[in-house]
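First comes the structure, then the notes that go with it.
In the text below, chain A, chain B and the rest are named by the order of the sequence lines, each starting its count at 1.
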There are 2 protein chains.
Amino acid sequence: MAAAPPAGDHGAEEVGRRIRTLREERGLSLSTLARLAGVGKATLSGLENGTRNPTLETLYAVTAQLGVPLTAVLSGPAGTPTVRGAAVDATLLEVFTDTDATYELYRMRVSPGPPQLSPAHQAGVTEHVTVFSGVLRAGPLDAPLTAGPGEYLRWTSDVPHSYAAVGDEQVRASLLLRYPRD
Amino acid sequence: MAAAPPAGDHGAEEVGRRIRTLREERGLSLSTLARLAGVGKATLSGLENGTRNPTLETLYAVTAQLGVPLTAVLSGPAGTPTVRGAAVDATLLEVFTDTDATYELYRMRVSPGPPQLSPAHQAGVTEHVTVFSGVLRAGPLDAPLTAGPGEYLRWTSDVPHSYAAVGDEQVRASLLLRYPRD
DNA sequence: CCGAGCCGTTCCGTAAACGGAACAGCGGAC
DNA sequence: GTCCGCTGTTCCGTTTACGGAACGGCTCGG
């Protein structure tokens with residue numbers, strides 16, 4: 001005992017809790033799920049209790065049998081990296097890698113106050129913003145654009161640019177960054 | 001039986017490819033990333049080549065150092081809730097619930113061929129599409145719109161509407177559905 | 001030309017995740 | 001009462017993912 005594995009480990013225990021919850025929601029016993037998923041009972045037991053550091057293969061076998069994506073047990077409130085600035089608070093939701101370019105999709109919140117500046121990116125990088133609520137003023141420093149709810153902005157971000165909320169309302173928007181392949 | 005998903009292939013190679021892409025985008029060498037992430041070079045090498053079955057701890061160490069969520073390298077075609085039709089294949093990425101409206105953010109692929117029809121939604125629902133690649137023709141049946149890479153479409157979807165790829169290239173886009181609060 | 005310093009891959013001993021079996025605890029059948 | 005079937009946990013031998021070191025390949029610099 002006491003051999004307690006690194007308790008402060010990342011979300012291993014959180015992952016275990018979610019799997020146990022999902023299993024019990026389905027009325028499955030540990031033994032049954034282990035058999036259906038093709039893993040040992042010891043493996044699943046340790047996994048649910050957070051005393052193991054599961055393999056991707058193991059996790060996939062279990063989550064697939066539960067009928068949920070891997071992200072359902074992994075992505076946690078504390079798990080996703082967030083970029084914070086004076087006014088902008090952006091959470092990276094997804095990364096798409098296509099043949100022509102890589103896309104990063106963020107959910108963005110811009111708080112009222114002075115504009116937040118962002119340095120120039122590599123040549124060819126474009127930003128695409130869809131505003132959900134509030135009024136956003138963003139784009140190149142010398143030619144900012146404005147958009148309200150439901151509207152769309154696009155600019156080439158190889159020059160310094162800024163983000164600002166117009167008025168007192170916080171702006172909520174989705175931000176898509178496109179990095180062309182070299 | 002039980003509609004077993006591909007048990008052997010859980011996308012280990014796909015995960016490796018994404019990690020390698022993310023690493024190269026950042027201009028990091030394999031050795032450097034391995035040192036920064038605190039894992040062995042052999043581990044990272046095998047991981048990128050798909051010859052290993054990484055543990056959650058290893059994956060987390062690497063993705064955290066790359067500054068992306070685990071979902072960025074895991075989210076695969078399998079497992080995620082997906083809406084499929086004749087031509088359109090959409091994956092739900094995120095749901096935002098704000099005070100004014102609910103937003104559903106999809107990643108969408110439209111394959112070449114005849115248009116896919118979609119019935120009218122509730123009054124006030126709007127759709128917002130940002131095209132990544134290919135040329136998309138979509139919108140109300142009587143007034144469809146066209147957009148190419150980097151362009152944006154918006155229409156009110158309280159009437160029947162359609163989606164179609166123009167030309168032979170598959171269309172990749174992000175689709176934002178906005179449901180106003182009653 | 002040759003060594004220095006990187007690159008990424010392969011080799012190898014060790015630590016640990018794995019599945020099967022044995023275990024204790026509980027509830028119902030007879 | 002005993003037995004059975006089930007629960008979830010623990011023990012244990014096997015498999016394998018791990019990191020350090022050694023390796024071949026490439027690009028510089030002297």
Donor-acceptor pair between A/T55 and A/T58 side chains, under 3.5 angstrom: no

Closest listed nucleotide, where the reference is the side chain of B/S29 and the choices are C/dC7, C/dA17, D/dT7: C/dC7

Separation of D/dC18 P from B/Y60 OH (nearest whole Å): 17 Å

Smallest separation among heavy atoms of B/A165 and B/V171, with atom names: CB-CG2, 3.7 Å

Interatomic distance, B/N53 CG vs D/dC18 C1' [rounded to whole Å]: 12 Å

Presence of B/S31 side-chain N/O under 4.0 Å of C/dC7 phosphate oxygens OP1/OP2: yes

Test item: B/L56 and B/L70 side chains (from C-beta on) under 4.5 Å apart, heavy atoms: yes

Between C1' of D/dG5 and CZ of A/R35, the distance in whole Å: 14 Å

Whole-Å distance separating the CG atom of A/L56 from the P atom of D/dA17: 11 Å

Protein-to-nucleotide contact annotation, 5' to 3' order, nucleotides 9-15 of chain C [B base; S sugar-phosphate only; - none; under 4.0 Å, heavy atom]: BBB----

Sugar-phosphate, base or nothing in reach of B/T51, heavy atoms under 4.0 Å: nothing

Protein-nucleotide distance (A/L47, atom CG; D/dT9, atom P), rounded to Å: 12 Å

Pair B/R18 + B/E14, salt bridge at N-O below 4.0 Å: yes

Touch class at under 4.0 angstrom, heavy-atom based, for B/R23 against every strand present: sugar-phosphate

Nearest-0.5 Å distance that lies between atom CG in A/L33 and atom CZ in A/R23: 6.5 Å

Gap between atoms CD and P, on A/E24 and D/dT7 respectively (whole Å): 13 Å

Which atom of B/A164 lies closest to which atom of B/V110, heavy atoms considered: C-CG1, 3.9 Å

Heavy-atom side-chain contact between A/V135 and A/E169 under 4.5 Å: no

Any A/T55 side-chain N or O less than 4.0 Å from OP1/OP2 of D/dA17: no

